[in-house]
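What follows is a short report on a single structure.
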Amino acid sequence: MNDLSTLTRRFFLKAAALAGAGAALDPMRALARSSTAPAAAMHKAASLPISIASANGLEATKRAVAMMRDGKDTLDAVIAGVNLVENDPEDDTVGYGGLPNEDGVVELDSCVMHGPTMRGAGVAALRNIKNPSLVAQRVMERTDHVLLVGEGALRFARAHGFREENLLTDASREKWLSWKEHLSKQDDWLPPHGEEDRDIGALFGVEGRPTGTINCLGLNDRAEISGVTTTSGLAFKIPGRVGDSPILGAGLYVDGSIGAAGSTGRGEANLLSLASFLIVERMRAGDAPTDACLQACQRIVAQTKMKRLLSEDGMPAFNVNFYALNVRGEFGGASIWSGRRFAVNEGGESRLVDSAYLFER
Ligand code: GLY
């Protein structure tokens, strides 16, 4: 039996135990009913507007809801929300102070999507501009294109007056240097070490290397919905690597008549499943947001066949997190692995809500 069969069998056993033999006949239904999904699937906005985001979006969702209450457009609101995180040097996964690529240069990805007009755009591998979400919005509004990358995206940003700056803070530079020094015993970069130290190997496994990001979705009281995802991407990536965050359908998808979904976590896995699009399509078919997110997680697990991405017991050695909000104000989040939360604001203070999950750590 190969790893995938083992994994699938474990999943079915768990699903059957939790959901009953009938549910186990349909893997997607069984999945939706397993673990914490039933309770989580009940999330519904107590009032509108509502904004949800990845766990680093407490302030972002608060700002987004305040703006929507003031009558601002849903996309302007969620972008203003994530700008707080892009500008925050303490969040080393987004914007200013983000962890850099392997050359020590911060390279940013973002996309936006506006439900009422079904427009969207992204920028990828953009250097030196703190707010890639605003550049993505400008691509959407002021070009006939959907995706600009690298030097072209930078030149477009310059043309629109965005200020270039070094986005590497001392803290993110130190983390990059530490990664470089621990990378290999076969090169000449050494971390601080003593006479007795032997193990100066890699700091991160596949699971541990930071991929943080912010995704933020917003719905107003006229059932208008929009979303944004923005990130500095996988820490220490090969220059030019593009993750899921700037790709519509992967890091974000919005259908103004159905709802919105976005992601954080291992972008490579999401790029191979276009899971945000999948989630919106599952919601179109009638699934609750949490169930749709869980199905995206299961799709990724089922598609992960390479052993280097599995731990010794055949389980995925990485995590991917999804967030979804429909135009009725129902919302949810799910991850492959337990222990994740997401931010919600319906006015007043934001709160963190437990995400549903496939597997318990
Ligand atoms: N999900 C963010 C990235 O992989 O770049």
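Order of appearance sets the numbers: ligands from 1, and atoms from 1 within every ligand. Just so you know, these numbers use all the heavy atoms, side chains as well, and skip hydrogens, waters and symmetry mates.
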Taking heavy atoms and a distance under 4.0 Å, where does Thr213 meet ligand 1: side chain, backbone, both or neither?
side chain

With heavy atoms of Ser245 as the reference, note each atom of ligand 1 found under 4.0 Å away.
1 (N), 2 (C)

Do any nitrogen or oxygen atoms of Arg241 lie less than 3.5 angstrom from nitrogen or oxygen atoms of ligand 1?
yes

Donor-acceptor under 3.5 Å (Asp103 side chain, Val105 main chain)
no

What atoms of ligand 1 come closer than 4.0 angstrom to any heavy atom of Gly233?
5 (O)

Does Glu281 have any side chain to side chain contact (heavy atoms under 4.5 Å, CB included) partners at least two apart in sequence or in another chain, and if so, which?
Phe277, Arg284

Hey, is the main chain of Ser133 close enough, under 3.5 Å, to the side chain of Glu86 for a donor-acceptor pair?
yes

Heavy-atom proximity to atom 3 (C) of ligand 1, picking from Thr231, Asn270, Asp244, points to Asp244

Atom indices of ligand 1, in the order listed, that fall short of 4.0 Å to a heavy atom of Leu234:
5 (O)

Taking Glu164 first and then Arg127, would you say they form a salt bridge - that is, a charged N and a carboxylate O separated by under 4.0 Å?
no

Inspect the surroundings of CZ in Arg328 and state if more than 12 heavy atoms from other residues, nucleotides or ligands are less than 6.0 Å away.
no

N/O to N/O below 3.5 Å, does that happen between Gly265 and ligand 1?
yes

Excluding sequence neighbours, so at least two apart, what forms side chain to side chain contact (heavy atoms under 4.5 Å, CB included) with Ala153?
Val123, Leu126, Leu148

